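Counting convention: from 1, in listed order, for ligands and their atoms alike. The chain is numbered in sequence order, starting from 1. What you are looking at is a predicted structure, and each value in this text was computed from that prediction instead of being measured.
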Amino acid sequence: MSTPLVEMDGDEMTRILWRMIKDKLIIPYVDLKTEYYDLGLKKRDETDDQITIDSANATLKYGVAVKCATVTPNAQRVKEYGLKKMWKSPNGTIRAIMDGTVFREPILIKGIRPTVRTWKKPITVARHAYGDVYKDAEFRVTGAGKAEMFFTDSLGAETALPIHDFKGPGIVQCLYNLDSSIYSFANACFRFALSKKQDLWFSTKDTISKIYDHHFKDVFAELYETKYKDALHDAGIEYFYTLIDDAVARVMRSEGGFIWALKNYDGDVMSDMIATAFGSLAMMTSVLVSPNGQFEYEAAHGTVTRHFYQHLEGKETSTNPVATIFAWTGALRKRGELDGNNELCGFAEALEKATLQTIEGGLMTKDLALLYEGDAKALSSEKFLDAIAGNLKSAIASK
Ligand code: NAP
Ligand code: MG
């Protein structure tokens with residue numbers, strides 16, 4: 001490796017898996033260079049969360065990061081860890097600094113069939129993670145009255161828009177978004193489609209929301225025409241806009257193998273549906289991509305707290321490490337691509353293959369054994385990682 005990976009360590013059960021993955025699957029084969037940031041809750045508290053900010057800035061500097069799942073503290077965690085403060089979600093902080101878009105992609109396994117029969121390839125959901133209903137203003141109307149929306153520009157000029165003449169009680173909601181954020185989102189989607197060489201779909205409700213949703217559609221169309229058309233054509237892929245209702249129907253009868261970009265709320269809802277229909281949250285990877293093409297890879301699941309408490313009681317757990325392994329392979333492959341290091345890309349490929357081969361050979365963690373069609377043996381995390389290590393070793397030795 002010539003350039004270091006930004007390594008963001010995390011919490012609880014995934015922190016335990018992190019160590020095992022490095023020791024058993026990576027360090028024996030890769031001359032691993034990382035710039036290490038401990039985003040474990042203890043260190044975040046000690047550094048007043050500066051470590052999270054530093055790790056995000058390092059990602060902007062080097063271009064590729066791999067992140068372990070981390071605890072987002074709530075009141076109970078503040079007590080449990082004796083924290084100075086209820087620190088913000090590290091993912092939120094990193095996303096804000098990188099101005100990034102989150103892409104969630106399922107890992108497909110022979111023997112675990114998606115609920116939707118036609119799906120043969122992964123569907124990646126790209127969710128715009130800023131504004132709309134997540135930053136709305138809401139109002140409970142308790143009786144008759146007039147609701148209006150006002151905008152005062154920087155010179156003091158006011159624009160008023162009637163909303164509704166209420167005859168009785170009801171509710172009002174006001175949403176907003178920013179051009180800068182929508183352009184960042186669209187740029188990240190086009191770049192990601194080019195990097196994956198997969199078609200990009202985008203869908204909103206522009207026929208009903210003729211200004212708001214239509215603006216999203218216009219931004220995508222403008223960037224496509226002015227910036228990405230030729231590159232997409234050269235890569236043999238397409239950009240495709242359709243109304244969200246039509247997109248849902250098409251997704252359900254598709255084969256998969258594309259990126260589906262969605263507004264904030266649509267992406268929140270649809271990504272959970274897609275994840276469940278593909279099998280398991282433990283088989284879902286997540287990549288945060290900045291508009292300038294910096295990448296942060298992680299598993300989509302959390303720190304698996306319930307398993308961690310069992311681990312603390314001295315029990316062996318069968319926690320699935322696959323999404324975390326694929327976060328590492330995603331990051332190593334991207335680092336290899338950026339540095340023209342084919343050997344590193346080859347290693348990432350070999351590790352993914354060895355992981356899938358192990359499961360397809362009937363050895364897996366408990367969560368997968370429950371879904372697997374065929375003879376499945378449920379192993380502890382450690383035994384499962386040893387089985388992968390065995391397959392990886394033979395694959396590399398036979399080359
Ligand atoms: P979670 O850690 O994803 O776990 C929820 C449940 O899903 C687990 O109890 C387990 O079910 C199953 N599961 C998830 N990942 C699994 C795996 N790799 N192998 C096997 N089973 C798996 O979500 P959570 O319990 O809601 O959150 C725990 C902590 O994670 C919270 O402190 C939260 O802040 C944090 N979190 C972090 C991130 C992130 O860093 N990106 C994302 C989400 C949550 P069973 O118990 O039935 O076995
Ligand atoms: Mg959701």
Tabulate below the donor-acceptor pairs under 3.5 Å that side-chain atoms of residues 190-199 make, not counting sequence neighbours, or state none.
{"residue": "Arg191", "atom": "NE", "partner": "Pro291", "partner atom": "O", "Å": "2.9"}
{"residue": "Lys196", "atom": "NZ", "partner": "Glu105", "partner atom": "OE1", "Å": "2.9"}
{"residue": "Asp199", "atom": "OD1", "partner": "Glu238", "partner atom": "N", "Å": "2.8"}

Short N or O distance, [X] and ligand 1, threshold 3.5 Å exclusive:
X      : result
His307 : yes
Thr72  : yes
Cys68  : no
Arg306 : yes

task: Check the pair Tyr239 / Phe202 against ring-ring contact (aromatic ring centres under 6.0 Å, His included), numbers first and verdict last.
output: CA-CA 8 Å; Tyr239 167 66; Phe202 180 51; 7.3 Å; no
- prompt: Does a salt bridge link Arg127 with Asp266, judged by any charged N lying under 4.0 Å from a carboxylate O?
  reply: no
Salt-bridge criterion met for Lys22 and Glu7 (N-O under 4.0 Å): yes
For [atom], what is the closest protein heavy atom, and at what distance to 0.1 Å?
atom                    : result
atom 12 (C) of ligand 1 : Val304 CG1, 4.7 Å
atom 29 (C) of ligand 1 : Thr303 OG1, 3.0 Å
atom 27 (O) of ligand 1 : Thr305 OG1, 4.5 Å
atom 1 (P) of ligand 1  : Gly302 N, 3.5 Å

- request: For atom 18 (N) of ligand 1, state whether the nearest protein heavy atom is under 4.0 Å away.
  value: yes
For [X], which part has a heavy atom under 4.0 Å from ligand 1: side chain, backbone, both, or neither?
X      : answer
Lys366 : neither
Asp11  : neither
Glu298 : side chain

task: Could you tell me if any non-hydrogen atom of Met13 lies under 4.0 Å from any atom of ligand 1?
output: no
message: Check for me whether Glu12 has a heavy atom closer than 4.0 Å to any atom of ligand 1.
response: no
field: Residues in ring pair (Phe, Tyr, Trp, His ring centres under 6.0 Å) contact with Phe278, at least two apart in sequence or another chain
entry: Trp119
- line: SG of Cys68 to CE of Met13, rounded to nearest 0.5 Å, is 10.5 Å
- prompt: For atom 15 (N) of ligand 1, which of His301, Met283, Met284 has the closest heavy atom?
  reply: His301
- request: For Tyr212 and Asn177, run side chain to side chain contact (heavy atoms under 4.5 Å, CB included): C-alpha distance rounded to whole Å, both residues' side-chain angles, the deciding distance at 0.1 Å, then the answer.
  value: CA-CA 9 Å; Tyr212 200 102; Asn177 222 300; 3.7 Å; yes
